[in-house]
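Per chain, numbering begins at 1; letters A, B, ... match sequence-line order.
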Amino acid sequence: MLTRSSGGGGGPGAVSADQRSDTELWQLIAAGDHQAFTELFERHAQAVWNHAYRLTASWATADDLLSVAFLKVWRHRTDVRLVRDSALPWLFAVTANVCREERRRSGRFLRVVPKLAGATTTPDHADRIAEHDAAQQRLARVVEAIARLPKGEREAVELCLIGGTSTADAAELFGITETSVRSRLSRARAHLHRITEEPADD
Amino acid sequence: MTDLFDLPAQRELPDAVRDRARTRILTELRAEDRPRRLRAILPAAAAIVVFAGGVAVLKTVDNEPDGHTPPAQPTQTNVVSPDGLGAVSPEVLDHARSHQVPGDDDTRCKAQATHEPAGTPGPARWQPIVSTSVDDVDLVAYQTPAGPLFCEVTPDTVTLSDPARGHVATAKATFTTAMGSVAGVINAKYTWLYLRTAGPSRGLPGTPAVIEDGVFVAPNVLPAHPQPVMTGYVTPQPVGTGEAIAEAPGGNGGAALGTVTDRIVAPVDQSSPSGQLLLNCLAHDYTPVVVPSAWTPGVVATMDDHQTIQLGHYGDLLMACQIVDGTTDATVYDATDIGIAPPTVPENPYLASDWLYYDFRPGSGGTSGSDTATFVGVLKSDKVAKVALTLTGQPTATAIIQNGTFLVDMPVPINAIITTNVGTVTVSDAHNAVLAQLALP
């Protein structure tokens, strides 16, 4: 069974006819099947990672939050809502939550193993390269502005405008009408343009 | 005009990032399947490995028999700490044993009971609440009819408190020592208590203490004679809203009665330049180090014009010290903690090892980072004459061995460490017979 992918029918997350669908995997995952969960990870890791980057404007943060997001999904595996046989919208929603939690914790670090660790942190190689990247800088402004939106607008932006999820799928995930999703996105765009001091396009 | 959501193109997920994430996920999934020691209900990370979400965890009582008992089996991250980060529980980090005291510690503590103030119940009425141990500093809590009292034991000293009397509404540190241990009494509403030194916290709550039956203990947690800043967490509560506890040390009994040297630990020759460098390193560890005069200087390696690594050991403790342009950064590792931090090699009778990161470079916000490590460790057997490291696809590098420590003088990039199938460590004897081949995970 073919499922919707994150970037088009043949992109990351697409399932060939002989692979198990997200729904089939999730029936196993809900029962605690590690192998099924690993298969889901392999299928959607790239999409989740890119989504985490777009929500944080940091590749290093996205690297760290990739496993965080999947582990959070695992721990709430019985609460998962699949949308049109795809786990990706749910994964994106969880990733957005994880990124928000990371923002709240930014600057805080729990020194859990102070006497055992080699005091290691990996430097932001990717971020140093990208620090002069104008697109990355603009993304950072966008991320900052999104964080200031009201909750409903922020969630719609994260899922639809950042994550590329359709308004229909977002409506199903949020449990609201598609009209409401579109309305939130419209208001969000206007707010964001004001916040970022760019004139609205529409 | 550029659309606000003209987002950067999606990138291909690097194999190294995918592999590392997969490894972290599977490690946690497998840890959930293992039997483990657990804590009371919690609301809510390095450090190293970070997790999100809230998980309720229940406590089980350890009913091991008295007498010599092996250290509690460490597990990987098995609790979620108050700010939502996954953490190795303080019980695991501090090798806590409920209602038990190692026989030797019990004997040594009770032998000092004659120093207790008049009216203190005799040692026959001391009931163990919990015992803990970090880097050969043991900290024991006893319950007595007059209140809890604490005993710190090192290889050569014993420090005893008198009973801590009275009810406490929050928490009070009643016992602090020259070895940086802190203990006291705590209200039952708290399930986590963090300790740190005074000064800017930079958002860090500190190091968690072991809490049991109305007391908290944290062996060798802070610099000598600490005046700890305490933060307590009550369940349930929102993430990140710890309660600052303003109780000052002392004032309610439990003062340290003075440290008694009841054992002699033979000093070693530290007159060499390496020995003097080691002594300097030992003095720079964040917390006091046991018996500095008994540490044996090990490998000293000049990594480049700016930095030198000095190793040393005392028993199962390894000192790994980096001197960079005159600045000393020292850390003590316990070779018996192989199950707490993800091990570099499987447990074996020949060596304990770790990756020692060096060549730190400044990052943002006052942080620094390193992506280069060297392979270091301590030998556990006199049979070992050679340690060789073979990274996948690389020529074999032989370690320098000196006085029970070893170091592979070869920089290893972090990308080679965090991938799977990193390589092997070959341990050989003086006749080049292979004692063990250990796979690096």
With a cut-off of 3.5 Å and sequence neighbours excluded, list every side-chain donor-acceptor pair involving residues 154-161 of chain A.
residue : atom : partner : partner atom : Å
E158(A) : OE1  : R100(A) : NH1          : 2.4
E158(A) : OE2  : R100(A) : NH1          : 2.9

Under the side-chain hydrogen bond (donor to acceptor under 3.5 Å, both in side chains) test, residues paired with S186(A) that sit two or more places apart | none
Derivation of the side-chain contact (heavy atoms from CB on, under 4.5 Å) call for F41(A) and R18(B) | CA-CA 9 Å; F41(A) 166 79; R18(B) 178 186 292 269; 4.0 Å; yes
L26(B) CG to F37(A) CZ distance, which is reported to the nearest 0.5 Å | 9.5 Å
If we only count heavy atoms from C-beta on, is the V17(B) to W49(A) side-chain gap below 4.5 Å?
-> yes
R22(B) side chain to T38(A) main-chain N or O, any donor-acceptor pair under 3.5 Å?
-> no
How far does CZ of R11(B) sit from OH of Y53(A), to the nearest 0.5 angstrom?
-> 6.0 Å
When rounded to the nearest 0.5 Å, the distance separating NE2 of H34(A) from CD1 of I25(B) is 11.5 Å
Mind checking whether R20(B) and L66(A) have side chains closer than 4.5 Å, heavy atoms only?
-> no
Looking only at heavy atoms, what is the nearest atom pair of S67(A) and A21(B), with distance?
-> CB-O, 3.9 Å
For D64(A) against R24(B), the heavy-atom pair lying closest together = OD1-NH1, 3.7 Å
